Amino acid sequence: MKKIGKFLSSMPFAIILLVLLAAACALSSTVSQGQTYEYYAAQYGERMAGLILALRLDDAFHSWWFIGLSTVLCINLFCCNLIRLPALMKRAEAFAKPDGMTTGITAEAAGDGDPHRLFAALHMPKAKEDGDGRIFAAGNKAGFWGAWICHLGILLLILGFALGQMTMKQYTVYALPGQTKEMGDSGLSVTVEDLRISRDENGAILQYTAMLTVSDSVKNTVESGRAAVNAPANLYGYKFFQNSIGWGADVRVLKNGEELQKEQLCVGEFFAVADKPELVICFPAFYPDYSAEIKTNDPAAEVKDPAYIYQVYYQGQILGMNALKAGEELTIDEYTVLFERPRNYTLLAVKRDSFTWLVLLGGLITLAGLVLAFWLQPSAVCAVREGSGWHVYGRCRKGGVLFRDEFLKAAAEAGFTPCENRTTAGGDT
Amino acid sequence: MIQTENTLFTIAVIGYFILTALNFAFVILKKEPLAKAAFRLQAGIFILHTAALVLRGIGTGHWPMTNQYEFSTSFAWALCLVSLIFIRKYRFPVLGAFSSPLILLMIGYAAMQNREVRELMPSLRSSWLAFHVSTAIIAYGAFGVTCVISLIFLFRGRMKEEGFWGQHIPDTEKLDMISYRSACLGMLFLTLTILTGAIWAEQAWGSYWSWDPKETWSLVTWIIYAVYLHLRIRRGWKGKGAAWFAVIGFVCVIFTYIGVNTFLPGVHSYA
Ligand code: HEM
């Protein structure tokens, strides 16, 4: 039992988990996410489609096995960090004392050289003499903590990500300038006061800016702000991101020549005629320049020869579908339908994630841990009297070969001769 | 400005070609002065290449790493920079012989790309993006050098201690340490790349992580190098096993950079 526990919190197990996780990510990235059975069947055949759905590869990153694997990795990492903490503290402490230099000597030299020159050459100006006539210095001690801090950062990051996923509120709101839309179940409504598109002298788009007013009908309060690309608005604790734009227009319905109804419609929306709800008008597409050779529905294109594509449904059955040019009208019995004033709507992504800060903090701690682990190689140097001269020892926790070269070079310059590792600097042995 | 950049770029391509030839000559003829000349030539081309990138930045009015051409020429530039540093720091001229073909491949890939200057869409006008791609090219450059050193490591195992290779290639212990150093540099910068990319995505789209294939593959790459770092600490796997992982890691880097855009769909399709 104890053995199993030890393995589950061990590094070999961590390596297996990391390889599995990388393989899972790689595999999942090859399958288009969030599609239907029909899509996969058309793409890969029916048997594969069944397998994809059974294994939840259609939403792999939220599947039980992916979350399970990540959880096991976190538990493994947490236990490993916790179990190693006391030993790490002990080792770091011992490393910073001359008595700790009883094992793992990386290089040594002896002779009549000047130990202070050696310490200076190794950038260890704080070398101190102790009561026993030894001179000792330890550098880059913080390097001991690098991996530990890095692991802690990863745990915080994953924790922040998971909490965010569980508690995050997300909405999508799209509206034409002047329109007000409810924001899902948030109790807030969003009015797009204006949508500005700035261009440079060549017509290339520099920025989209939506001027927003958000109101809380219960508290009777409003907050206003602007959401631009790369500069979201922060209103009622939600972030409003200017995500994209699309086409919309006004649609008027006349009955026997009298205006019955006026709607502001974005492409993709529909409405029922006010006094005949079984009659439904859809607005599936808009072309800003229908006479162009290549017809595009690019939302940033200039409106030259607009064409509104419409569909009419009666009691759920399609009655007709066609394009209306500017000024053209659609007549259905006593009703006349007119499409006018084509303009852009804005699509806003709205989000409240109270744990983004934790993810960022985790990321920064991970980074700090990596800097410590990679940059600061803990090393210690001790000089002990030997006859009329000194015996100098160097010890480096990692990267021994490079440190040995550096140490022996500095030792030679300080007047020492390299010798085979034979003794320890710490005690009487 | 762009005209001059084009000329400098062409000179750099020819320069990298000559560099590769010179390095081959060094390895075949085994003459020390050729290695010295190759190092000086590489430093010279590096300066020209830097000038080309600066002119591209001024000419286009944006950070010169925002489309496939700009990113691949920057990638070659970073490979050149990191290998220069490692050749000099560890007195390791044979590294140049192995890294110059890789730089040549990358700059050749850049030369095949469309060099037209295009306006940036608003979401790409961000300083976080500039950080994101700059850290990415340094990470990629460092991983390229790690891969090359790991290949030399695997090749070194079959070489005799005496003779030209024995003299010019550090022993396996040292090679392992040098490749570890460049992997550390890469890992640090890849972490920065992922962090700055997440900050940018959060600002631009309101989602710092959306499992887009490019994001997913950068995570795969990051995990592979984490495995490499842990394997190096394990006794049984130290050396060859870790070296193979460093090579696999670079295959992931290349796949993340080129393969994802070609084979998998996602929001990074402009880069
Ligand atoms: C994605 C996950 C991980 C990352 C990025 C990571 C990163 C690192 C880094 C950078 C080091 C330092 C390596 C060096 O100095 O050369 C390290 C060491 C280490 N890691 Fe991890 N690690 C991860 C997961 C784990 C897990 C799950 C365990 C669980 C057992 C673990 C156990 C260790 C151990 C025991 C060391 C040696 C520590 C030392 O030398 O003081 N790591 N890790």
Side-chain angles (χ1 to χ4, degrees), chain A residues 11-12 14-15 18-19 21-26 28-30 32-33 60-62 147 150 154 161 164 170 197-198 200 202-208 228-232 239-243 348-351 353 356 359-360 363-364 366-367 370-371 373-375 398-403 405, chain B residues 90 118-129 170-171 173-174 176-178 180-181 183-185 187-188 191-192 194-195 198-200 202-209 211-217 219-224 226-227 229-231 233-234 237 252 255 260 263-266:
Chain A
M11 195 160 79
I15 292 176
L18 286 172
V19 171
L21 203 64
C25 289
S28 308
S29 77
T30 60
S32 203
Q33 298 288 292
F61 301 107
H62 302 105
C150 169
I154 294 167
F161 183 76
Q170 261 180 314
I197 302 175
S198 56
D200 69 5
N202 304 320
I205 294 173
L206 294 173
Q207 183 58 288
Y208 302 101
V229 179
N230 288 325
K239 277 190 168 171
F240 290 76
F241 300 89
Q242 169 55 48
N243 192 297
L348 302 161
V350 187
K351 189 173 99 168
D353 178 351
T356 310
V359 176
L360 184 62
L364 292 176
T366 305
L367 196 64
L370 288 178
V371 171
F374 297 156
W375 223 268
K398 264 188 328 189
V401 256
L402 299 179
F403 177 78
D405 284 0
Chain B
Y90 298 106
R118 260 173 283 163
E119 288 295 337
L120 292 185
M121 56 201 257
S123 62
L124 299 187
R125 296 170 191 269
S126 159
S127 350
W128 285 112
L129 171 72
D171 58 36
E173 201 184 351
K174 210 161 178 179
D176 171 65
M177 201 59 220
I178 301 172
Y180 167 69
R181 286 280 159 94
C184 289
L185 184 71
M187 187 70 179
L188 205 61
T191 310
L192 263 173
I194 297 176
L195 277 179
I199 294 174
W200 172 49
E202 172 74 15
Q203 273 196 353
W205 295 291
S207 170
Y208 58 81
W209 192 264
W211 297 108
D212 159 84
K214 200 132 186 158
E215 286 172 359
T216 307
W217 272 91
L219 179 66
V220 171
T221 309
W222 192 76
I223 296 177
I224 296 285
V227 170
L229 289 174
H230 290 90
L231 283 181
I233 314 175
R234 304 281 320 156
W237 278 82
C252 287
F255 186 77
V260 169
F263 302 115
L264 309 169

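Computed from a predicted structure; not experimentally measured. Naming: A, B, ... by sequence-line order, numbering from 1 per chain.
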Top contributor to chain B contacts, counting heavy-atom pairs under 4.5 Å, from [options]:
options	answer
A:F240, A:F161, A:Y208	A:F161
A:A22, A:A349, A:A24, A:S198	A:A22
A:V19, A:L360, A:V359, A:V350	A:V359
A:D200, A:V229, A:L364, A:N230	A:N230

Inter-residue atom distance [X].[atom1] - [Y].[atom2], 0.5 Å rounding:
X	Y	atom1	atom2	result
A:L21	B:I224	CG	CD1	10.5 Å
B:W222	A:C25	CH2	SG	11.5 Å
A:K351	B:Y208	NZ	OH	6.0 Å
A:T366	B:L192	OG1	CG	11.5 Å
A:M11	B:L231	CE	CG	8.0 Å

Other residues, nucleotides, ligands: >12 heavy atoms within 6.0 Å of B:K174 NZ: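 Counting neighbours around NZ of B:K174, 12 or fewer heavy atoms of other residues, nucleotides or ligands fall under 6.0 Å, so no.
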
A:Q242 versus chain B, the contacting section by heavy-atom distance below 4.5 Å: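 For A:Q242, the contact with chain B is made by the backbone alone.
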
Minimum heavy-atom separation for [X] to [Y], with atom names?
X	Y	answer
A:A26	B:V220	N-CG2, 3.9 Å
B:E202	A:F241	O-CE2, 2.7 Å
B:T191	A:L370	OG1-CD1, 3.1 Å
B:W205	A:N243	O-ND2, 4.1 Å
B:Q203	A:P232	O-CD, 4.0 Å

Parallel, tilted or perpendicular: rings of B:Y180 and A:F374 (30°, 60°):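 Plane angle over 60°, so perpendicular.
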
Interchain contact, B:S207 with chain A, by part (heavy-atom threshold 4.5 Å):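 Contact with chain A: backbone only.
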
Side chain / backbone / both / neither for B:I194 at chain A, heavy atoms under 4.5 Å: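 When you check distances to chain A, no heavy atom of B:I194 falls under 4.5 Å.
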
Test item: B:L188 and A:W375 side chains (from C-beta on) under 4.5 Å apart, heavy atoms: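 Side chain of B:L188 against side chain of A:W375, heavy atoms only: contact under 4.5 Å found.
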
